[in-house]
Amino acid sequence: MDERRVAVVGAGAVGTTAAHDLADRGRAVTLYEAETVAAGASGRAAGICYDAFAEDIDAAVADRALSRFRTLDADPSFDWSFTPRPYVWLARDGDARRAAAISEQVPRMQAHGRRVELLDGDDLATEFPALRADIAVAAVARDAGSADPGAYTDAMAERAVAAGVTLREETPVELRAGDEHPHVVTADGSTTYETVVVAAGAHTARLLGDAGLPIPVKPYRVQAAITESTPLAERSPQLYDATGGYYCRPRGDGLLVGDGTEPVERDPDDWDRDADDWFRADCIEHLRAAFGGSTADGDNAAVPELDRAWAGLCTATPDGNPLLGERAPGVVVATGWQGHGFMRAPALGERVARGVCDGEWLDPFDPARFDGDESFDIVEGMVVEES
Ligand SMILES: Cc1cc2nc3c(=O)[nH]c(=O)nc-3n(C[C@H](O)[C@H](O)[C@H](O)COP(=O)(O)OP(=O)(O)OC[C@H]3O[C@@H](n4cnc5c(N)ncnc54)[C@H](O)[C@@H]3O)c2cc1C
């Protein structure tokens, strides 16, 4: 068998990046996608990107991802754009627990070289006057930005094909492991590869489990919405209200709002892709909490109506860290991003290529730290707690 043959399963932000980088490193890559490019979470994500992580490895991965996003943004042949925009996260008055957590996180992020700062209510009102400033403490990440995740994934798939990747859309696969080399099984038959990278998003655990390689990853449902056009879009940073449990960012001439994390394991083949009525109602309340009433900028009492809303699946692990590495000889897993997969995709895909080509993996993300049959609760990725 040609030792350089690699299959990547799943054409999301991570799978397309991994496929491209593997081809760039001389591997003969086939990228299998059950539906079309970006049909999974990558086509449904909010596109908030930041490096505000308190653990060294997370900060390094996010730093690399943002740097690569900026390089791609400056490349005229890559049809996609990255908009630099600060990311503010905050705890409201009376929420001493989350205020303490934010105050404790920021110096740890700074120690990893992140350009983040603590802000008090006056600082916040001065810099972001459209925000309601009833805050206990806020922090801002200066190097953050936002982007269209589906457009990134499409552009990266195109670049992967240009680099020699064979892209097979509408081709759901199964995995066979246990022989000397893993096999990918499609409706056309079985193909042997030196390495199979499973980056199948919410389907990853099922795909590997069916091949006798269980991993402790649970899909969970999250929701997002976009408002009608609003002048607030020009005046808002990217925002995470830790007290209210929602996030918000400008998108075009509207705002994108999200929360609705349901800590319930979902069947990746049977879940509701439409947003719930309770979520739509919550979004209006979130917008009022963020911008409503009297702010330093005047009276924003009229918050915009929602234009559309949707749901998608994210993936949780027992410790909140990803699973990125070899699950069995020749079988690589890349999932468990806890709602932070897009912002790290350029670095995660690159890490897959380094692991496959050089054997260099990141120990804290090693899938071998679990047996695969762990029971655990789903904890949402953006939660702000003291370490
Ligand atoms: C509403 C929402 C908001 C989000 N907001 C953000 C955000 O602001 N920032 C951020 O960083 N992240 C965000 N996320 C998370 C982000 O979308 C994911 O972490 C990321 O897109 C995962 O990318 P991926 O390539 O691993 O998986 P996916 O994009 O899910 O791709 C997996 C692909 O595998 C394919 N596949 C599955 N099974 C098979 C099979 N058997 N054979 C072949 N192909 C298969 C699927 O069709 C899919 O296209 C959000 C997610 C949602 C749903």
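Index from 1, following the sequence. Order of listing sets the numbers, starting from 1, for every ligand and every atom in it.
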Aromatic ring pairing Phe69/Phe342, orientation class (parallel under 30°, perpendicular over 60°, tilted between): tilted
Aromatic ring pairing Tyr87/Trp89, orientation class (parallel under 30°, perpendicular over 60°, tilted between): parallel
Check this for me: does any side-chain nitrogen of one of [X] and [Y] sit under 4.0 Å from a carboxylate oxygen of the other?
X: Arg142; Y: Glu117; answer: yes
X: Arg369; Y: Asp319; answer: yes
X: Asp21; Y: Arg354; answer: no

Distance under 4.0 Å to a non-hydrogen atom of [X]: what atoms of ligand 1 satisfy this?
X: Arg44; result: 1 (C), 2 (C), 3 (C), 52 (C)
X: Tyr247; result: 3 (C)
X: Tyr32; result: 43 (C), 44 (N)
X: Ala46; result: 3 (C), 4 (C), 5 (N), 6 (C), 8 (O)
X: Val222; result: 1 (C), 2 (C), 52 (C), 53 (C)
X: Pro172; result: 42 (N)
X: Leu207; result: 41 (N)
X: His203; result: 37 (C), 38 (N)

Any donor-acceptor N or O pair under 3.5 Å, side chains His286, Asp241: no
Under 3.5 Å side-chain donor-acceptor pair for His183 and Asp179: yes
Shortest non-hydrogen contact between Pro268 and Trp271, atoms and distance: O-NE1, 3.2 Å
Distance-minimising heavy-atom pair for Ala13 and Thr16: O-OG1, 3.3 Å
Spacing of CG belonging to Leu118 relative to CE belonging to Met109, to within rounding of 0.5 Å: 9.5 Å
Expected output: side-chain His181 to main-chain Thr195 donor-acceptor under 3.5 Å: no
Side-chain donor/acceptor of Gln223 to backbone N/O of Gly258, under 3.5 Å: no
Report yes if some N/O of [X] lies less than 3.5 Å from some N/O of ligand 1; otherwise report no.
X: Val9; answer: no
X: Trp337; answer: yes
X: Arg344; answer: no
X: Phe342; answer: yes
X: Ala38; answer: no

Proximal candidate to [atom] [heavy atom criterion; set [options]]:
atom: atom 23 (O) of ligand 1; options: Gly15, Ala11, Ser42, Gly341; result: Ser42
atom: atom 30 (O) of ligand 1; options: Ala41, Gly12, Pro149; result: Ala41
atom: atom 44 (N) of ligand 1; options: Cys49, Ala18, Ala34; result: Ala34
atom: atom 51 (C) of ligand 1; options: Gly336, Pro268, Cys314; result: Cys314
atom: atom 7 (C) of ligand 1; options: Gly47, Ala199, Gly312; result: Gly47
atom: atom 37 (C) of ligand 1; options: Ala200, Ala224, Gly201, Ala334; result: Ala200
atom: atom 14 (N) of ligand 1; options: Gly339, Ala202, Ala309; result: Gly339

